[in-house]
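Note sheet for the following structure.
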Amino acid sequence: MKCNQVKKRLSAYLDGELTAAEAEKVSDHLNRCVGCRRAAEQLRRAYQRLDAGDALPADSFFLTRFRARLSDLGQSNARPYWQQWLQRAVIPATLAVGLFLGMQLGIHLQQNWSGAQSSGNTYIESQLLSDMQQNSLTAQYLALNGWTEGDDEE
Amino acid sequence: MDRELNQTMTDEELVVRFQGGDERAFDELLRRYEQKIRTLCWRYLSQPDDVEDGAQETFIKAYHGLKAFHPQARFSTWLYRIAVNHCLNKIRSQRRRRWLQPFSHLYRSDDHPADSMEGGDNDPLQDLERQERIQQVRLALAALPEDQRTAVILHRFEGLSYQEIADVMACSLSAVEARLHRAKLKLAGLLAAYVEV
Ligand SMILES: [Zn+2]
């Protein structure tokens, strides 16, 4: 076995997870190779530093709390069917209504906008024309000098 | 059913009894595993409330899922998988929330004081050292990728074999070996800075 092959299997070797034949091969190599022996020692120490002794103590009231929680959940599951349905339906229904209204608004705006574009131009033009006719410079000049038709008494 | 009789039964026998409608069989399963599951959750989650919640949720899920459980799988493996999945989901959702609120951690301590642990009436200096050591191990574990971390927790702390870990993590035996090996190499670097043996 070569060093890099041995190193890959060192963890399993140290954890006693290799077959007897595999373990013997690794063990033979470690007896001959200082580098791999050192690597094995490093791994072993690092793992030992993870103290396995720390654990939470047993809690005899955990069962009581579990039973209480279970019966609480039982009550919430027993809610009237229409309430559960409503809760599940509220969000999708709101989204659907929102989407529908949004589409309607979009269609409405689109129609008005294109209507304004097709008819609006002629409307604006006629407005401008009538303004010009009523407020032409000549007409305003005549009005200022009192020469408009209706006021002429001479 | 007699409590004494309960205690001599295997997990799988208790499962069958529970499936047959005996509620107290589940109580016995919970008694057998509450400490292990609570400790497992404590390895992952720092807040005591989250630990309690994680363990409770694990048993609630087990209670409801056990009806469909097939006795050819080991009960303990199945239970560990529920607990690990719960904890990983919890961590992921916490990470997402932390990402959304990048400064919230500044106002909240993540340290678990481990005050509910055994041996609290020791000499205070020793206690402090112990707290520090626990915290260092916690930090080192947290620095590992999820799959390596789970492999280490199940192997080193829960004492599961490679095959059992493969069953919990739903992966191959060689994947477990590789994960544990990479984890140990990383831990060697991380813990060397903290503690001198
Ligand atoms: Zn070598």
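In what follows, every heavy atom counts, from backbone to side chain, and hydrogens, waters and symmetry copies are set aside.
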Atom group of [X] that falls short of 4.5 Å from chain A, counting heavy atoms:
X	value
B/L185	both
B/A55	both
B/E23	both
B/V152	both
B/I60	both

- Task: Output every pair passing side chain to side chain donor-acceptor pair (under 3.5 Å) with a member in residues 160-169 of chain B, not counting sequence neighbours, ordered by first then second residue.
- Result: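 The answer is A/D15-B/Y162, B/R74-B/E164, B/S161-B/E164, B/Q163-B/D167.
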- Task: With sequence neighbours left out, write down each residue that passes side chain to side chain contact (heavy atoms under 4.5 Å, CB included) with A/C36, or none if nothing qualifies.
- Result: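 A/C3, A/V6, A/K7, A/H29, A/L30, A/C33.
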- Should B/Q35 and A/F62 count as side-chain neighbours, where that means a heavy-atom distance under 4.5 Å?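 No, too far: nothing below the 4.5 Å cut-off.
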- Heavy-atom side-chain contact between B/L187 and A/L43 under 4.5 Å: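 With C-beta onward as the side chain, the pair stays apart.
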- Please confirm whether A/F66 and B/F26 have ring centers closer than 6.0 angstrom.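 Yes; B/F26 has its ring centre under 6.0 Å from that of A/F66.
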- Under 4.5 Å from a heavy atom of chain B, the part of A/R9 involved: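 Looking at A/R9, backbone and side chain both touch chain B.
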- Which heavy atom of A/A46 sits nearest a heavy atom of B/K184, and at what distance?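 The answer is CB-O, 4.2 Å.
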- Stepwise side-chain contact (heavy atoms from CB on, under 4.5 Å) check, A/Y47 with B/L180: CA-CA 10 Å; A/Y47 215 40; B/L180 273 173; 3.6 Å; yes
- Message: Salt bridge or not between A/R65 and B/E34? Use side-chain N to carboxylate O under 4.0 Å.
- Response: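 Looking at B/E34 together with A/R65, the answer is no, because their closest N to O distance does not fall below 4.0 Å.
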